[in-house]
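We name chains A, B, ... by the order of the sequence lines, and we start the count at 1 in each one. Hydrogens, waters and symmetry mates are skipped; everything else that's a heavy atom, side chains included, is used.
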2 protein chains.
Amino acid sequence: MRARRSNSREKILAAAADVARESGPGSLSLDAVASRAGVSKGGLLYNFPTKAKLMQGLVENFLNEFELALEARIAEASHESSLAAYIQLSADDCEKPKPSASWMFSAIAEDPDFLTPIKAFKRQLFKRLKGETDDLGSLLVCFLAIEGLRSMNLFDSDVLSQKEHRLLISSLLEIAG
Amino acid sequence: MRARRSNSREKILAAAADVARESGPGSLSLDAVASRAGVSKGGLLYNFPTKAKLMQGLVENFLNEFELALEARIAEASHESSLAAYIQLSADDCEKPKPSASWMFSAIAEDPDFLTPIKAFKRQLFKRLKGETDDLGSLLVCFLAIEGLRSMNLFDSDVLSQKEHRLLISSLLEIAG
DNA sequence: TTGACAACACCGTCCAGCCGGTACAGTAAA
DNA sequence: TTTACTGTACCGGCTGGACGGTGTTGTCAA
């Protein structure tokens, strides 16, 4: 696609994430997003003809940014494994207490199928990591633990202290080898 | 609290879970739940005066059942640790492909605070497990990995094959010691 | 008689999507 | 250089429908 589009799209996407995070996933209405983005409702509908398209945009944006961040991590620390890079990226993402992806709940409520691209992405990532190790058991443990960490962050659970968070990460990195 | 009450409550709770699973969390309306439960809307509102009360009932029911199942597991295999029991209970819960808790998304959309009891329960469980081990690192890894497993089940992700699922569980049990 | 509903009409609110404008940038002929 | 036309980007009011919740009346078993 062309990226040189108006920056309203990005503003709207960011506004949607903000609204979901601050007012709750159930309050993500087109009016709320439009006013938050400093755009009229008509303007919003111009960029995203339907609410479903907005959700789709949110998902795609999320996936793109995550993929970019992961590739950057892997590239800048080429001496360590992709799994280690994934662990550390996730650790950083989840350390700051921002349930930044509450919009995901809105998307699921709209239609559970919006998760399909995310599931596909995860399958692909897992497959890739499998290709880089011969210790499947350790990979499974690390991959699932990171999944758990992300889940807790998404649900805004503050079960782990910072100290425990760091201990977890170091334990995972040790298991990952 | 009085469990000797009518069985309509249970029927309604089950119906709500069914509707959320089959029609999506966004379609969990009072009308849908009532008709699914074979109850009139008035009857539903007699048992749950408001939608929020219904959600609360869903959460409490879930927590009660989980706690009962966990205590039963721990009691019937008193030679192994509580952590091991928790791992195996979760493994069983997640093995059968039932995204049985989609209602949780509806509850979050309604009001994220509905998660508070669940978060409290998890904190309590984690604290209890901490009291039974001196290897915090291993506990963290196991606890988070189970969290990840439950998350994937909730999101209906089929990333892991059955073989991988079993390997994960055996790896976790080994780590748990 | 009372508790546990059924049946049903009805209200207020919220919200997605539609539609008729508007401002403006390019562009192309005259 | 002016005029006329075209497409883009956006505005904001409106509506039709869904949904949560209320109120009333009726039923039937314990």
Side-chain angles (χ1 to χ4, degrees), chain A residues 1-20 22-59 102-103 105-114, chain B residues 1-20 22-59 102-103 105-114:
Chain A
M1 324 289 187
R2 66 170 63 87
R4 194 204 54 269
R5 234 23 193 305
S6 71
N7 65 354
S8 288
R9 279 185 69 94
E10 300 166 24
K11 271 186 359 186
I12 291 169
L13 256 12
D18 288 347
V19 169
E22 289 169 19
S23 308
S27 305
L28 203 145
S29 67
L30 295 186
D31 288 284
V33 173
S35 89
R36 176 75 183 226
V39 166
S40 75
K41 197 170 177 182
L44 198 170
L45 267 323
Y46 179 81
N47 286 280
F48 300 95
T50 177
K51 193 175 189 182
K53 293 280 185 189
L54 176 59
M55 299 301 181
Q56 189 183 329
L58 246 8
V59 171
S102 309
W103 56 263
F105 296 124
S106 315
I108 296 170
E110 185 76 12
D111 183 352
D113 285 346
F114 282 123
Chain B
M1 292 307 169
R2 285 271 58 85
R4 190 57 39 225
R5 268 294 157 65
S6 68
N7 64 353
S8 286
R9 278 186 70 94
E10 300 165 23
K11 270 185 2 188
I12 291 169
L13 257 12
D18 288 347
V19 170
E22 289 169 20
S23 308
S27 305
L28 197 125
S29 67
L30 296 186
D31 289 289
V33 174
S35 88
R36 174 74 183 225
V39 166
S40 74
K41 193 176 175 181
L44 197 170
L45 286 163
Y46 180 82
N47 287 280
F48 300 95
T50 176
K51 191 176 189 180
K53 294 280 183 187
L54 175 60
M55 298 301 181
Q56 190 182 328
L58 246 9
V59 171
S102 309
W103 55 264
F105 296 125
S106 315
I108 295 171
E110 186 75 13
D111 183 351
D113 286 346
F114 282 123

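Not a single donor-acceptor pair under 3.5 Å links the side chain of A/Ser102 to the backbone N or O of A/Pro25.
Side-chain atoms of A/Leu45 lie closest to C/dG17 of the nucleotides C/dC5, C/dG17, D/dG20. For B/Ser40, counting side-chain heavy atoms from C-beta on, the closest listed nucleotide (D/dC11, D/dG21, C/dA7) is C/dA7. In this structure, the nucleotide among D/dC10, C/dG3, C/dA16 sitting nearest to the side chain of A/Asp31 is C/dA16. Out of D/dG21, D/dC19, C/dA16, the shortest distance to the side chain of A/Leu30 is found at C/dA16.
Minimum interatomic distance between B/Leu13 and B/Gly57 (heavy atoms only, all atoms of both residues): CD1-C, 4.1 Å. Taking each heavy atom of A/Leu44 and A/Ile12 in turn, the nearest pair found is CA-CD1, 4.0 Å.
In this structure, A/Phe48 atom CZ and D/dC10 atom P are separated by 11 Å, rounded to whole Å. Spacing between atom NZ of B/Lys53 and atom P of D/dG20 amounts to 17 Å, rounded to whole angstrom units. Atom CG of A/Asn7 and atom C1' of D/dC10 are 13 Å apart (whole Å). For B/Leu54 and D/dG21, the CG to C1' distance is 14 Å, given to the nearest whole Å. Taking atom CG of A/Leu44 as the reference point, atom C1' of C/dC18 lies 14 Å away to the nearest angstrom. The distance between atom CZ of A/Arg9 and atom P of D/dT8, rounded to the nearest whole Å, is 15 Å.
The base of C/dG17 is paired with the side chain of A/Lys41 by a donor and an acceptor separated by under 3.5 Å.
Within 4.0 Å (heavy atoms only), A/Gly42 reaches at least one base atom of the nucleic acid. Residue contacts for A/Lys51: at a heavy-atom cut-off of 4.0 Å it reaches the sugar-phosphate backbone alone, with no base atom in range. When heavy atoms are screened at a 4.0 angstrom cut-off, B/Gly38 is found touching the sugar-phosphate backbone but no base atom.
The shortest distance between the side-chain N/O atoms of B/Asn47 and the OP1/OP2 oxygens of C/dA4 is not below 4.0 Å. Close to C/dC5, at under 4.0 Å from its OP1 or OP2, lies no side-chain N or O of B/Tyr46. Contact annotation: A/Ser8 reaches the phosphate of D/dC10 (side-chain N/O to OP1 or OP2, under 4.0 Å).
For the pair A/Met55/A/Leu28, a side-chain contact is recorded, criterion being any heavy-atom separation below 4.5 Å from C-beta on. Side-chain contact check for B/Val19 versus B/Trp103: every heavy-atom pair is 4.5 Å or farther apart.
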